[in-house]
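This report concerns only the one structure given below.
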Amino acid sequence: ADFYLQFFTLHKIYNQLLVEEKLETISSHKFFPLAKIILSDFNQIDSDLVDAEKLYRDLEDISVINKDFDYLSPKQYEFLSQFWTSYAEGKHKRQQELFIKMWRRMPKLYEQFHITLKAQDYITNGYAYRLLAEGDINEQEFLNNFNKGKIIFVGFNALSSAEERIFKQLQESNKALFYFDTDEYYLSDPLQEAGLFLRKNINQLGLKNVFVHQPSLMKTDQHSVNVFKVQGQSVQAKILNTILVDDYEKADDVGSTVVVLADESLLIPTLQTIPTQHNGKDIDLNVTMGFALATSSIFGLVDLWIMAQLALLQGDTLSYKTVEAFITHPLSGLSDKMRNKIQTALLDENVVEIDHQRLLKQSGLFEVFYKKINQPENVIACLLAVLDYVLTRLSNAKTLKKIDAELFVKTIQELNRLYDTFGKHIEKEEIAFVIYLVQNSLQAVAVPLAGDPLNGIQVMGLLETRNLNFDKVVFLGFNEGI
């Protein structure tokens with residue numbers, strides 16, 4: 001089950017439990033922050049094979065003890081009230097009582113949540129791990145696909161309790177191989193934190209590393225380390241041409257050079273810096289991480305649409321600044337002449353707020369973009385209409401870039417998925433909350449960039465480098481704020 005189906009399911013059950021306790025129900029937008037914490041906790045409980053009922057009973061007992069044996073003295077209460085006018089001993093006690101009631105309903109919430117999902121033929125990732133770990137992994141049908149071979153696990157580090165049990169079962173059945181690419185420097189030394197989980201996996205869990213002999217390259221090999229001082233975060237990417245100039249010449253070789261982005265927001269500056277050609281020769285570049293929609297002009301247009309819709313929920317006018325941002329956006333499709341004409345007219349009139357009906361009369365994208373949403377079910381349909389209009393215009397003009405085309409497709413797919421997931425759940429929701437959910441979901445959208453993983457210069461995130469070896473490594477955003 002995806003996150004939003006889990007959220008709506010959890011919210012419905014939570015309110016049912018509140019009604020049983022004769023308490024006031026909670027709205028979706030107020031419950032959303034709490035739901036994220038609860039769903040994360042449920043997932044961790046299942047991944048670590050914890051007994052949910054015992055855990056929440058212990059938390060309830062701790063809350064009761066804290067309430068009955070308050071550590072604050074009367075003088076401390078008086079001292080706190082001098083600083084916080086909203087603080088009161090009675091309010092503090094009520095909060096403690098609410099916490100006790102919440103811990104008390106959690107076991108039932110956990111049980112009913114999983115029962116409800118199962119009735120719809122859905123399951124959470126954590127609960128799937130629990131079922132695999134607590135059952136006999138060898139009885140799973142999918143293992144029949146590996147009868148003539150083995151499952152290979154590469155690059156695993158910190159394991160949950162469920163993963164530990166599954167891995168041990170697979171190893172005992174001789175159906176798995178584990179590759180831990182390590183160096184003796186941090187694996188053998190218990191003071192080295194880099195080897196903490198690797199030592200646990202190999203020494204305590206008994207997972208057999210295919211690499212039996214651990215090299216000691218960090219101590220024995222000679223390493224040339226260069227540190228470059230630059231002003232600002234994005235400027236780090238701008239000196240790549242200086243660092244990689246030798247690699248441009250040997251771009252046909254097997255990829256032995258990697259640019260590691262500890263801060264993945266540096267992807268755009270990196271792509272803008274590394275040229276496509278050098279001395280008339282193509283430069284091969286492979287990007288393993290996804291290109292985030294949130295950094296694209298498409299998301300910028302979506303963001304402007306969201307701002308406009310939220311403003312229209314409050315009234316029938318839009319601020320000049322909001323309209324100007326749309327007019328000057330590269331995907332608005334306005335010619336420079338038309339853009340200047342509209343801006344000049346608005347400035348001459350010296351208007352601060354622009355009437356909604358005036359914008360609709362402009363027709364074209366204006367009419368689609370500024371169509372007011374009246375029902376929560378129409379949020380996704382209206383946004384899809386905007387994207388479809390822009391995509392069709394760019395396609396007809398043959399000005400659609402490949403990466404933008406992939407982002408459009410991925411965004412439309414995500415919106416269609418949300419439309420199916422939301423279904424009847426949002427009939428009574430506030431329009432502003434549904435818009436927030438859509439925005440929250442689109443921020444996580446990314447598309448993979450095509451490339452050759454064997455040739456040229458590799459660009460990847462820090463975690464993606466596990467079990468990979470390169471002759472030359474360039475780190476960006478690796479200074480931890482120093």
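- A 4.5 Å side-chain heavy-atom check between Phe291 and Val447 finds at least one atom pair inside the cut-off.
- Under 3.5 Å, the side chains of Glu414 and Ser441 contain a donor-acceptor pair of N or O atoms.
- For the pair Leu159 and Leu207, the minimum side-chain heavy-atom distance is below 4.5 Å.
- Between the Asn201 side chain and the Asn157 main chain, a donor and an acceptor come within less than 3.5 Å of each other.
- Within a 6.0 Å radius of NZ in Lys238, other residues, nucleotides and ligands contribute more than 12 heavy atoms.
- Ring pair Phe32/Tyr436: centre-to-centre distance below 6.0 Å.
- Phe8 and Phe422 have their aromatic ring centers within a separation under 6.0 angstrom.
- Legend: residues meeting salt bridge (Lys or Arg N to Asp or Glu O under 4.0 Å) with Arg339, ordered by chain and number and at least two apart, are Asp336.
- Taking the six-membered ring where the residue is Trp, Tyr14 and Phe31 present tilted rings, their angle falling between 30° and 60°.
- Remark: side-chain polar atoms of Asp303 are not paired, donor with acceptor, to backbone N or O of Phe299 under 3.5 angstrom.
- Judged by distance alone, the side chain of Gln309 and the main-chain N or O of Lys371 form a donor-acceptor pair under 3.5 Å.
- Sorted pairs that involve residues 33-43 and meet salt bridge (charged side-chain N to carboxylate O under 4.0 Å, His left out), not counting sequence neighbours, are lacking altogether.
- Within 6.0 Å of OH in Tyr419 there are 12 or fewer heavy atoms belonging to other residues, nucleotides or ligands.
- Contact between Ala262 and Gly477 at its shortest, heavy atoms only, is CB-O, 3.2 Å.
- Nearest heavy atoms, Leu266 versus Pro269: O-CD, 3.3 Å.
- Smallest separation of non-hydrogen atoms from Ile373 and Ile431: O-CD1, 3.6 Å.
- Shortest non-hydrogen contact noted between Leu442 and Leu293 is O-CD2, 3.5 Å.
- Summarising the local packing, OH of Tyr129 is surrounded by 12 or fewer heavy atoms from other residues, nucleotides or ligands at distances under 6.0 Å.
- Evaluation of the salt bridge (Lys or Arg N to Asp or Glu O under 4.0 Å) rule for Asp420 yields no partner, not counting sequence neighbours.
- For Tyr122, the OH atom sits in a loose shell: 12 or fewer heavy atoms of surrounding residues, nucleotides or ligands are nearer than 6.0 Å.
- Scanning all heavy atoms of the two residues, the minimum distance from Leu10 to Phe42 falls at CD1-CE2, 3.9 Å.
- Looking at residues two or more places apart in sequence or on another chain, you find a ring pair (Phe, Tyr, Trp, His ring centres under 6.0 Å) between Phe156 and Phe153, Phe167.
- Around the CG atom of Asn125, the shell of radius 6.0 Å holds no more than 12 heavy atoms that belong to other residues, nucleotides or ligands.
- Contact check for Leu394 versus Leu331: side-chain heavy atoms found under the 4.5 Å cut-off.
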Could you give the side-chain donor-acceptor pairs of residues 20-28 under 3.5 Å, partners two or more places apart or in another chain?
| from | atom 1 | to | atom 2 | distance (Å) |
| --- | --- | --- | --- | --- |
| Glu20 | OE1 | Lys108 | NZ | 3.1 |
| Glu21 | OE1 | Arg105 | NH2 | 2.9 |
| Glu21 | OE2 | Arg105 | NE | 3.0 |
| Ser27 | OG | His29 | ND1 | 3.3 |
| Ser28 | OG | His11 | ND1 | 3.4 |
| Ser28 | OG | Glu429 | OE1 | 2.9 |
| Ser28 | OG | Glu429 | OE2 | 2.5 |

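- Residues that satisfy the side-chain contact (heavy atoms from CB on, under 4.5 Å) test with Ser161, not counting sequence neighbours, are Asp48, Leu49.
- A heavy-atom distance below 4.5 Å is not found between the side chains of Ile342 and Val323.
- Sorted by first and then second residue, the side-chain hydrogen bond (donor to acceptor under 3.5 Å, both in side chains) pairs involving residues 350-361 (not counting sequence neighbours) are Thr317-Glu353, Glu349-Arg358.
- Val302 has its side chain out of reach of Val438: every pair of non-hydrogen atoms, C-beta onward, lies at least 4.5 Å apart.
- With respect to the salt-bridge test (charged N to carboxylate O, under 4.0 angstrom), the residues Glu406 and Lys410 do not qualify.
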How far apart are the C-alpha atoms of Glu53 and Tyr110, what are their side-chain angles, what is the distance that settles it, and do they pass the side-chain contact (heavy atoms from CB on, under 4.5 Å) test? CA-CA 9 Å; Glu53 186 174 354; Tyr110 171 86; over 6 Å; no
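- Residues forming a salt bridge (Lys or Arg N to Asp or Glu O under 4.0 Å) with Glu367 (at least two apart in sequence, or on another chain): none.
- Across all non-hydrogen atoms, the minimal contact from Ile13 to Phe113 is CD1-CA, 3.5 Å.
- A search for salt bridge (Lys or Arg N to Asp or Glu O under 4.0 Å) contacts involving Asp388 returns nothing, not counting sequence neighbours.
- Applying the ring-ring contact (aromatic ring centres under 6.0 Å, His included) test to every pair with at least one member in residues 370-408, sequence neighbours left out, gives these pairs: Phe326-Tyr370.
- Counting heavy atoms from C-beta on, the side chains of His425 and Lys12 never come closer than 4.5 Å.
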Exercise answer: donor-acceptor pairs, residues 130-142 side-chain atoms, under 3.5 Å, sequence neighbours excluded:
| from | atom 1 | to | atom 2 | distance (Å) |
| --- | --- | --- | --- | --- |
| Arg130 | NE | Asp46 | OD1 | 2.8 |
| Arg130 | NH1 | Glu134 | OE2 | 3.0 |
| Arg130 | NH2 | Ile45 | O | 3.2 |
| Arg130 | NH2 | Asp46 | OD1 | 3.4 |
| Arg130 | NH2 | Val50 | O | 2.5 |
| Asp136 | OD1 | Asn138 | N | 3.1 |
| Asp136 | OD1 | Asn138 | ND2 | 3.2 |
| Asn138 | OD1 | Ser173 | OG | 2.6 |
| Asn138 | ND2 | Ser173 | OG | 2.8 |

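- Rounding to the nearest 0.5 Å gives a distance of 11.0 Å between CD1 of Ile327 and CG of Leu304.
- With values rounded to the nearest 0.5 angstrom, Thr421 atom OG1 is found 4.0 Å from Asp2 atom CG.
- Listed by first and then second residue, the salt bridge (charged side-chain N to carboxylate O under 4.0 Å, His left out) pairs that reach into residues 308-320 are Asp316-Lys372, sequence neighbours excluded.
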